[in-house]
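See structure below.
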Amino acid sequence: MWSEQEAAWADGVAVARAYAAAHGHFLPPTTAVREGHPLGVWAKSARAAARRARENEELRAAGRPVPSAAGAMTEARRDELDAIDPGWCPAGDTAWQRCYRLVQNHIQADGTPPTAADDVVVQGEDLGRWGTAQRYGWEQLLPTQRWLLENTLGIQAAREEERPVKQTQDTKWAVNLTAARQFHACEGHPTVLKLGTWLDNVRKRAAKLPE
């Protein structure tokens, strides 16, 4: 018999198919709603069930006991969603995968990866800034993410000379001291906002030093 659960699943799949056709992927944010259907929440639950099934399969392959099949997605249902978007259930962060797919779609249409200066915003995501963040945060990415960026998007780690210079404590001290002297030369006393805060901190540190 056609159960309510099966009917709800079929409705979800139909909305998922429409979403993917309109957006070029099936990686909706949790807040996504389409045709009155809470598709983002539905997709999140579906990914959790698919990952449970994947974990069970890995346990079986390793010859280890499977705690329970409850909550795991059936292969038939996974096949339905895979047919809509093979990347709908990434092993890593879904938001990262969504931005990756949006950049991939943009490159296919435009030919070049967007940069921060291009101001390319798609589906609420600033693709140029996202790409720049990946280049500067290369060391924090997973190996598979680095491979995807390099081999499918042409995005590589930022060169050392491209990275913003990090100020040392000595550099910050010199900058603040110069500002204090300049203000003192103009006003006779350094008592403005951040400068005043800085001087307070200096006095506190000096008070803690051994005599």
Side-chain angles (χ1 to χ4, degrees), residues 12-13 15-35 37-55 58 73 78-169 171-172 175 194:
V13 170
V15 178
R17 188 176 293 110
Y19 181 94
H23 294 79
H25 62 81
F26 181 51
L27 294 159
T30 308
T31 55
V33 176
R34 186 176 179 86
E35 300 174 10
H37 194 291
L39 186 62
V41 175
W42 186 88
K44 182 179 180 180
S45 298
R47 286 194 298 269
R51 286 167 179 158
R52 174 67 64 84
R54 187 185 300 161
E55 291 169 1
E58 291 173 354
M73 183 177 287
R78 277 183 286 168
D79 288 344
E80 283 188 86
L81 294 179
D82 285 346
I84 294 173
D85 180 357
W88 74 277
C89 185
D93 181 61
T94 303
W96 188 95
Q97 188 75 10
R98 180 170 56 254
C99 287
Y100 162 77
R101 291 288 296 280
L102 292 174
V103 172
Q104 187 178 42
N105 293 343
H106 175 82
I107 292 175
Q108 289 174 352
D110 186 69
T112 57
T115 66
D118 293 332
D119 192 27
V120 177
V121 179
V122 180
Q123 297 173 30
E125 304 287 357
D126 190 322
L127 304 187
R129 288 183 180 276
W130 180 85
T132 299
Q134 307 316 301
R135 298 185 68 231
Y136 288 158
W138 197 262
E139 294 77 12
Q140 284 72 50
L141 296 173
L142 297 173
T144 53
Q145 291 174 328
R146 296 179 193 172
W147 188 93
L148 286 171
L149 292 173
E150 282 188 308
N151 293 277
T152 65
L153 302 185
I155 294 176
Q156 298 180 336
R159 298 187 300 274
E160 195 61 36
E161 59 268 24
E162 293 180 278
R163 297 175 182 272
V165 178
K166 292 183 178 180
Q167 288 189 331
T168 64
Q169 288 298 323
T171 303
K172 293 177 181 178
V175 170
K194 291 184 178 179

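By convention here, the first residue in the shown sequence is residue 1. Note that the structure is predicted; figures quoted are calculated from it, not measured.
L27 contributes atom CG, which lies 10.5 Å from atom CG of D93 (distance to the nearest 0.5 angstrom). Once rounded to the nearest 0.5 Å, the distance linking CG of L153 with CD of Q134 reads 9.5 Å. Rounded to the nearest 0.5 Å, atoms NE2 (H106) and SG (C99) are 13.5 Å apart. Rounding to the nearest 0.5 Å gives a distance of 11.0 Å between CD of Q145 and CD of Q140.
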Residues 39-47, side-chain donor-acceptor partners within the protein, below 3.5 Å, at least two apart:
{"unit_1": "S45", "atom_1": "OG", "unit_2": "V41", "atom_2": "O", "d": "3.2"}
{"unit_1": "R47", "atom_1": "NE", "unit_2": "T94", "atom_2": "OG1", "d": "3.4"}

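Of all the heavy atoms in P114 and V103, the pair that sits closest is CD-CG1, 4.0 Å. Scanning both residues, A116 and T132, for their nearest heavy atoms gives CB-OG1, 3.7 Å. The nearest pair of heavy atoms linking A91 to R54 is CA-NH1, 3.9 Å. When all heavy atoms of A20 and I84 are compared, the closest pair comes out as CB-CG2, 3.5 Å. What you find for W88 and M73 is that their closest heavy atoms are CH2-CE, 4.0 Å. Smallest separation of non-hydrogen atoms from L102 and Q123: CD2-NE2, 3.4 Å.
Listed for the R146 side chain is a donor-acceptor partner under 3.5 Å among the backbone atoms of E139.
Just one residue in the list R101, R17, H23 forms a side-chain hydrogen bond (donor to acceptor under 3.5 Å, both in side chains) with D85, and that residue is R101. Each of D118, D119, T112 was scored for a side-chain hydrogen bond (donor to acceptor under 3.5 Å, both in side chains) with T115, with one residue passing: D118.
For CZ of R129, the number of neighbouring non-hydrogen atoms (other residues, nucleotides, ligands) closer than 6.0 Å is 12 at most.
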- request: Would you check, one step at a time, whether the test side chain to side chain contact (heavy atoms under 4.5 Å, CB included) holds for W138 with L149?
  value: CA-CA 10 Å; W138 197 262; L149 292 173; 3.7 Å; yes

task: Would you check, one step at a time, whether the test side chain to side chain contact (heavy atoms under 4.5 Å, CB included) holds for T152 with W147?
output: CA-CA 8 Å; T152 65; W147 188 93; 4.3 Å; yes

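Scored by the ring-ring contact (aromatic ring centres under 6.0 Å, His included) test, W96 finds Y100, W130 as partners (sequence neighbours excluded).
The shortest distance between side-chain heavy atoms of R78 and C89 does not fall below 4.5 Å.
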